[in-house]
**Student:** 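Below is the structure I would like to discuss, written out as structure tokens.
Positions are given from 1, in the same order as the sequence printed here.
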Amino acid sequence: MTRLSKHIFTYIFTTIACFSQQSDVSYLRFFESDYYFKADLSMMSTERRGKSHLAISYNDRDQPVKIERVSASGIIEKREMLKYDNFGKILERGEYTDRWKYLSLIVYGDDEPWSKEYRIWRFKANEPLSFTDQQTYFTVKDGMQVSKIVFQTVDGQKYGQIELDYDYLGNLKEERWRDLPSARVIRRFRYKFEHMYNYIEPHIVIQIWEFGHDGELISHVAVDQAPADQLYKTPPPRTHNTLDEVDIIAKEIKERRIIMPYASIIPRTEYDELILVNGDRILVDFIDISDNGIKFRMDQENDLLTMPIHRVRTLRSRMGDVIYPKPMHLMTK
């Protein structure tokens with residue numbers, strides 16, 4: 001198995017960085033609601049004063065490229081941008097804050113790299129589910145780190161989820177693959193970044209542990225970061241979001257991968273911490289937050305449980321980050 005995490009993350013962040021520079025805005029229209037937007041019934045600019053409305057920016061191909069939801073007092077409560085291919089088919093849709101920090105990104109189509117990797121691992125070749133025109137939902141923490149990836153078919157069926165945890169330096173520490181709707185962890189990666197200084201030129205060694213369906217250790221590999229003078233085979237400029245170091249890393253993983261012939265115990269990990277309004281502290285495996293409450297699984301339990309939001313004071317991830325209530329700087333206005 002070759003891990004393309006570095007390449008895929010660079011693809012995501014390059015997309016985010018360049019998203020706002022895609023299509024030039026040709027004109028602006030206003031709509032009273034989503035209903036009128038879908039019906040293409042716009043309102044006069046003078047009619048929007050004192051009313052909540054949508055401000056839609058269009059490119060020269062009459063495609064909406066920016067959607068701003070404006071309150072009656074004139075405050076932008078939500079911002080979205082859209083990207084299309086040369087044939088007018090939507091490729092991406094992202095939500096961002098007033099400081100251009102992305103909160104989420106939707107990538108459309110079954111060619112999205114994370115979903116392809118997930119399906120290869122999870123499903124057989126004759127899987128009856130159709131993944132044509134599927135969607136991949138990226139949740140972006142602090143506008144910098146992808147914390148969750150959800151895969152959904154075109155008819156709205158969520159079939160998989162990947163969660164990513166980081167250490168205090170921002171390095172990826174753990175990656176969990178879940179089956180949906182069961183929410184069972186079917187694959188897990190643990191990462192360790194070590195800075196080595198016993199060479200003429202300091203470098204980073206990345207250790208990766210891979211665990212399977214039943215928690216068995218599948219492989220353990222240590223990868224040296226490619227030296228700066230050997231990193232790129234292609235001289236600048238380099239375009240199309242292609243990184244030469246991906247080939248180097250993938251080749252090294254393939255050559256140095258260690259397959260363990262016996263089962264192993266997953267190193268003990270911390271759980272997410274749920275604090276209730278009455279002061280009770282519960283260690284849980286957090287799954288998701290919805291309008292119905294916080295969904296989680298207890299240790300050694302199969303059933304999914306849901307705790308109503310009004311009973312929860314705080315929820316912290318196993319990395320110590322606050323999941324609920326949502327930090328103020330991440331809230332859309």
Side-chain angles (χ1 to χ4, degrees), residues 11-112 115 132-144 146-156 158 241 289-291 326-333:
Y11 158 76
I12 294 172
F13 294 134
T14 303
T15 297
I16 291 175
C18 299
F19 211 29
S20 62
Q21 303 174 7
Q22 46 149 341
S23 299
D24 293 332
V25 174
S26 295
Y27 61 94
L28 181 66
R29 298 176 67 189
F30 303 98
F31 297 87
E32 188 173 341
S33 64
D34 284 289
Y35 173 81
Y36 288 99
F37 172 45
K38 294 176 182 178
D40 198 30
L41 298 174
S42 61
M43 60 194 300
M44 299 291 291
S45 61
T46 53
E47 296 176 337
R48 73 185 193 277
R49 295 192 181 94
K51 294 182 180 179
S52 59
H53 62 277
L54 278 66
I56 313 294
S57 301
Y58 292 81
N59 60 16
D60 56 4
R61 300 178 66 178
D62 299 323
Q63 297 167 325
V65 294
K66 183 165 67 171
I67 301 175
E68 295 179 319
R69 301 179 184 275
V70 186
S71 69
S73 59
I75 298 175
I76 300 177
E77 298 178 328
K78 186 175 181 179
R79 299 168 173 84
E80 295 177 284
M81 294 193 71
L82 300 90
K83 183 178 179 181
Y84 306 85
D85 63 15
N86 294 331
F87 301 98
K89 186 176 181 180
I90 188 169
L91 295 176
E92 299 162 0
R93 181 169 182 164
E95 179 186 352
Y96 58 97
T97 69
D98 58 339
R99 298 183 179 181
W100 290 90
K101 296 287 187 179
Y102 269 78
L103 299 172
S104 63
L105 176 67
I106 305 173
V107 179
Y108 297 86
D110 55 2
D111 287 333
E112 189 281 312
S115 64
T132 303
D133 294 328
Q134 70 127 58
Q135 298 112 45
T136 302
Y137 293 79
F138 296 91
T139 299
V140 185
K141 176 183 174 183
D142 286 341
M144 296 295 295
V146 176
S147 60
K148 184 168 69 173
I149 310 170
V150 178
F151 312 115
Q152 179 176 300
T153 60
V154 69
D155 59 356
K158 295 179 180 178
N241 297 330
I289 296 181
S290 67
D291 293 337
K326 194 174 183 180
M328 290 296 295
H329 71 286
L330 292 182
M331 292 183 179
T332 50
K333 295 181 178 181

**Student:** At what distance, to the nearest 0.5 angstrom, does CD of Gln152 lie from OH of Tyr108?
**Tutor:**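 Going from CD on Gln152 over to OH on Tyr108, the span is 9.5 Å.
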**Student:** If you look at every heavy atom in Val154 and Thr132, which pair is closest and at what distance?
**Tutor:**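 Nearest pair, atom of Val154 first, then Thr132: CB-O, 3.8 Å.
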**Student:** With a 4.5 Å cut-off on side-chain heavy atoms, are Val140 and Leu103 touching?
**Tutor:**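 Heavy-atom side-chain distance check fails, nothing below 4.5 Å.
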**Student:** How many angstroms lie between atom CD1 of Ile56 and atom CG of Leu28, to the nearest 0.5 angstrom?
**Tutor:**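 With rounding to 0.5 Å, CD1 (Ile56) is 8.5 Å from CG (Leu28).
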**Student:** Just grab all the side chain to side chain donor-acceptor pair (under 3.5 Å) pairs involving residues 49-58, residues at least two apart or on different chains.
**Tutor:**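 For residues 49-58: none.
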**Student:** Phe138 and Glu92: side chain to side chain contact (heavy atoms under 4.5 Å, CB included), yes or no, with the steps?
**Tutor:** CA-CA 11 Å; Phe138 296 91; Glu92 299 162 0; over 6 Å; no
**Student:** State, yes or no, whether a side-chain contact exists between Ile67 and Arg93 at a heavy-atom distance under 4.5 Å.
**Tutor:**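 Ile67 vs Arg93: side chains touch.
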**Student:** In the structure I gave you, are the side-chain heavy atoms of Ile106 and Glu80 within less than 4.5 Å of one another anywhere?
**Tutor:**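 Of all side-chain heavy-atom pairs linking Glu80 with Ile106, none is under 4.5 Å.
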**Student:** Can you name the nearest heavy-atom pair linking Asn59 to Arg61, along with the distance?
**Tutor:**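 Scanning both residues completely, I find the closest heavy atoms to be OD1-N, 2.9 Å.
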**Student:** Rounded to the nearest 0.5 Å, what separates atom CD1 in Ile90 from atom OH in Tyr84?
**Tutor:**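 Going from CD1 on Ile90 over to OH on Tyr84, the span is 5.0 Å.
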**Student:** Where is the tightest heavy-atom contact between Arg79 and Thr97, given as atom of each residue plus distance?
**Tutor:**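 Taking Arg79 first and Thr97 second, the nearest heavy atoms are CD-O, 3.9 Å.
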**Student:** Starting at NZ of Lys83, measure out to CG of Leu105 and round the result to the nearest 0.5 Å.
**Tutor:**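 Between atom NZ of Lys83 and atom CG of Leu105 there are 9.5 Å.
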**Student:** Please examine the side chains of Tyr137 and Lys158, heavy atoms only from C-beta on, and report whether any two atoms are closer than 4.5 Å.
**Tutor:**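 Heavy-atom side-chain distance check fails, nothing below 4.5 Å.
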**Student:** To check you understand the geometry: which heavy-atom pair defines the closest contact between Gly88 and Gln63, and what is its length?
**Tutor:**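 Of all heavy-atom pairs spanning Gly88 and Gln63, the closest is CA-NE2, 3.2 Å.
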**Student:** Calculate, to the nearest 0.5 Å, the distance between atoms OG1 and CG belonging to Thr136 and Asp110 respectively.
**Tutor:**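 If we round to the nearest 0.5 Å, Thr136:OG1 and Asp110:CG are 9.5 Å apart.
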**Student:** May I have all residue pairs that pass side chain to side chain donor-acceptor pair (under 3.5 Å) and include part of residues 29-46, sequence neighbours excluded?
**Tutor:**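 Listed once each, the pairs are Arg29-Asp40, Arg29-Ser42, Asp34-Arg69.
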**Student:** Give the minimum heavy-atom separation between Tyr27 and Asp62, together with the two atoms involved.
**Tutor:**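 That would be OH-OD1, 2.8 Å.
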**Student:** Got a second to check how far Arg48's CZ is from Leu54's CG, nearest 0.5 Å?
**Tutor:**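 The CZ atom of Arg48 sits 12.5 Å away from the CG atom of Leu54.
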